[in-house]
Amino acid sequence: MYSAASRSVRQTTAHLFARCWVRTPGRGVATLPLFSLEGKTCVVTGAGRGLGKETLTAFARSGARGACIDLTLASCNSSISHIKSHLRTTASDLPEPDIRPYACDVTNESAVQSTFAQIAHDFGGIDILVTAAGIVDNVEAERYEFERWKKMVDVNLHGSWLAAREGGKYMIRQNERDGEIGKEEGWKKRGGSIVFIGSMSGNICVRPQKQAGYNATKAAVNMLAKSLATEWATHNIRVNSLSPGYIATDLIKGLLKKEGKDLSQEWVKHIPMGRMAHPSEFQGTVVWMVSDAASYLTGSDIIVDGGYTAY
Ligand SMILES: NC(=O)c1ccc[n+]([C@@H]2O[C@H](COP(=O)([O-])OP(=O)(O)OC[C@H]3O[C@@H](n4cnc5c(N)ncnc54)[C@H](O)[C@@H]3O)[C@@H](O)[C@H]2O)c1
């Protein structure tokens with residue numbers, strides 16, 4: 001005979017194991033269940049293209065549902081239909097992911113507030129946030145116009161912070177609520193995970209382009225992640241930054257076009273791996289960072305740069 005208390009512990013343990021070991025029928029890939037995002041709601045800013053879209057693809061492939069945020073509904077919808085058609089061909093046994101579009105300029109405080117409120121209402125909470133909305137600008141410091149500088153700070157720093165502040169509020173709220181509900185049974189509280197997309201340029205000055213504004217915003221984002229990690233750890237929210245090296249996205253293609261010369265030849269010389277990254281090469285890192293597989297990772301900056309910053 002088991003006491004009521006020990007039965008409750010056994011049931012809880014069995015329930016947790018059942019949740020951990022759920023295997024999507026037919027997936028056919030043996031992997032550590034801790035990497036699964038099944039049942040999680042994610043929000044990705046700047047997910048209309050590039051690294052944000054790649055991140056959302058990886059989350060959907062790992063079982064998450066969630067929100068695609070970008071400047072226009074058209075770019076969100078195009079990204080979502082691309083993700084769905086990609087998954088139909090590469091993971092046809094999975095159910096179609098529930099990903100919804102939200103047009104929002106992340107520099108607009110009231111728009112960010114109402115968008116996150118809508119997402120939390122639509123999905124019943126927010127578990128994961130990745131801020132990938134960002135811009136780049138190469139200007140010599142002595143010619144850098146203040147308006148241009150402010151725009152850089154507005155999108156890359158203020159936009160990341162506003163999204164984190166709003167996402168964090170819902171994560172804190174659900175952590176407190178679920179903690180209350182499960183108090184007697186000792187459930188692990190529902191927390192959250194935030195990843196800011198920084199850049200290796202938040203750690204070093206890349207060459208030869210002059211980009212003091214960009215570098216400064218990315219360094220600030222790294223420090224913002226560390227600060228929020230210390231503030232929100234007690235709410236079971238992990239906050240980290242992911243700092244990529246050069247990736248062949250539209251942002252970089254646009255930059256190279258604007259520069260009118262192929263800087264990429266010069267860049268590649270300084271990358272030990274001898275090439276730029278493909279956006280899909282960040283899928284594994286970002287899934288790991290937000291998943292339970294990284295349950296003790298917080299306040300860290302993960303640099304993924306083909307070895308660039310190792311020199
Ligand atoms: N591509 C690289 O080599 C590289 C390297 C290091 C870091 N990063 C960082 O990764 C992130 C994504 O870069 P990417 O290469 O995918 O760029 P991208 O230009 O391809 O995508 C950025 C997305 O952000 C959106 N966006 C821009 N301003 C916005 C705003 N105010 N509100 C909402 N959405 C907005 C854009 O519409 C676009 O869809 C950026 O923060 C960038 O700094 C990129």
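Sequential numbering from 1 along the given sequence is applied to the chain's residues. All heavy atoms count here, side chains included; hydrogens, waters and symmetry mates do not.
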Undergrad: Using distance alone, with no hydrogens and no angle criterion, decide if Asn240 and Asp301 have a side-chain donor and acceptor under 3.5 Å apart.
TA: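 Short answer, no.
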
Undergrad: With His158 as reference, evaluate Thr107, Thr217, Val153 under the side-chain contact (heavy atoms from CB on, under 4.5 Å) test and give the passing residue.
TA: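 Checked Thr107, Thr217, Val153 against His158; only one passes side-chain contact (heavy atoms from CB on, under 4.5 Å): Val153.
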
Undergrad: One thing to verify: whether Arg173 and Glu176 come together as a salt bridge, which I'm taking to mean a side-chain N less than 4.0 angstrom from a carboxylate O.
TA: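 No salt bridge links Glu176 with Arg173.
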
Undergrad: Judged by atom type as modelled, is there a donor-acceptor pair below 3.5 Å linking the side chain of Lys226 to the main-chain atoms of Gly299?
TA: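 Answer holds: yes.
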
Undergrad: Hydrophobic cluster membership, with links at side-chain heavy-atom distances under 4.5 Å among I/L/V/M/F/W/Y: are Ile197 and Leu56 in one?
TA: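 Ile197 and Leu56: one cluster.
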
Undergrad: Identify whether Phe123 and Val290 are in the same connected component of the hydrophobic contact network (ILVMFWY, side-chain heavy atoms under 4.5 Å).
TA: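 Different hydrophobic clusters.
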
Undergrad: Would a hydrophobic clustering, with Ile, Leu, Val, Met, Phe, Trp and Tyr connected at side-chain separations under 4.5 Å, put Ile252 with Val136?
TA: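 Per the 4.5 Å side-chain linkage, Ile252 and Val136 are co-clustered.
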
Undergrad: Enumerate the residue pairs fulfilling ring-ring contact (aromatic ring centres under 6.0 Å, His included) with a member in residues 191-217, sequence neighbours excluded, ordered by first and then second residue.
TA: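 Those involving residues 191-217 do not exist here.
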
Undergrad: For residues 96-110, which residue pairs qualify under salt bridge (Lys or Arg N to Asp or Glu O under 4.0 Å), counting only residues two or more places apart or in two chains?
TA: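 Of all non-adjacent pairs touching residues 96-110, those that pass salt bridge (Lys or Arg N to Asp or Glu O under 4.0 Å) are Lys84-Glu96, Arg88-Glu96, Asp98-Arg100, Glu109-Arg165.
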
Undergrad: Taking the side chain from Ser243 and the backbone from Ser199, do they hold a donor-acceptor pair closer than 3.5 Å?
TA: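 Yes.
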
Undergrad: For Tyr246 and Trp267, which I'm curious about, is there any donor-acceptor pair between the side chains at under 3.5 Å?
TA: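 There is such a pair between these side chains.
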
Undergrad: Kindly state whether the ring of Phe116 and the ring of Tyr170 have centres lying under 6.0 angstrom apart.
TA: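 Ring centroids of Phe116 and Tyr170 are no less than 6.0 Å from each other.
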
Undergrad: Does the side chain of Thr298 come within less than 4.5 Å of Trp232's, by heavy atoms?
TA: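 No - every pair of side-chain heavy atoms lies 4.5 Å or more apart.
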
Undergrad: Between Ser36 and Glu38, is there a donor-acceptor pair closer than 3.5 Å when you use the side chain of the first and the backbone of the second?
TA: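 A pair under 3.5 Å: yes.
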
Undergrad: With rounding to the nearest 0.5 angstrom, report the CG to CH2 distance, Leu242 to Trp288.
TA: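 Rounded to the nearest 0.5 Å, the CG-CH2 separation comes out at 9.5 Å.
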
Undergrad: Would you say Val286 ends up clustered with Val44 if hydrophobic residues are merged whenever their side chains have heavy atoms under 4.5 Å apart, either directly or through other cluster members?
TA: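 Cluster IDs for Val44 and Val286 match.
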
Undergrad: Taking a hydrophobic cluster as the set of Ile, Leu, Val, Met, Phe, Trp and Tyr residues connected by side-chain heavy atoms closer than 4.5 Å, whether directly or through intermediates, do Ile83 and Leu129 fall within one such cluster?
TA: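 Different clusters.
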
Undergrad: Please say whether more than 12 non-hydrogen atoms of neighbouring residues, nucleotides or ligands are located less than 6.0 Å from NZ in Lys169.
TA: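 For Lys169, atom NZ is crowded (more than 12 foreign heavy atoms under 6.0 Å).
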
Undergrad: Is atom CD of Glu145 surrounded by more than 12 heavy atoms (other residues, nucleotides or ligands) closer than 6.0 Å?
TA: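 No - once you tally the heavy atoms of other residues, nucleotides and ligands closer than 6.0 Å, there are 12 at most.
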
Undergrad: Working to the nearest 0.5 Å, report the span between CD1 of Ile99 and SG of Cys68.
TA: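 That separation rounds to 7.5 Å.
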
Undergrad: Just by distance, no angles: are the side chains of Asn77 and Ser79 close enough, under 3.5 Å, to form a donor-acceptor pair?
TA: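 There is no such pair between these side chains.
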
Undergrad: Where the side chain of Thr89 meets the backbone of Ser85, is there a donor-acceptor pair that is under 3.5 Å apart?
TA: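 A pair under 3.5 Å: yes.
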
Undergrad: Short question: side chain of Ser81, backbone of Ser78 - any donor-acceptor pair under 3.5 Å?
TA: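 Yes; judged by distance alone, with no hydrogens or angles, the pair exists.
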
Undergrad: Do the side chain of Arg65 and the main chain of Gly39 share a donor and acceptor less than 3.5 angstrom apart?
TA: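 Present.
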
Undergrad: Is Glu281 paired with Arg275 through a side-chain N to carboxylate O contact shorter than 4.0 Å?
TA: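 Result for this pair is yes, salt bridge flagged.
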
Undergrad: Counting only N and O atoms by type, is there a donor-acceptor contact under 3.5 Å from the side chain of Asn108 to the main-chain atoms of Ala111?
TA: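 Answer holds: yes.
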
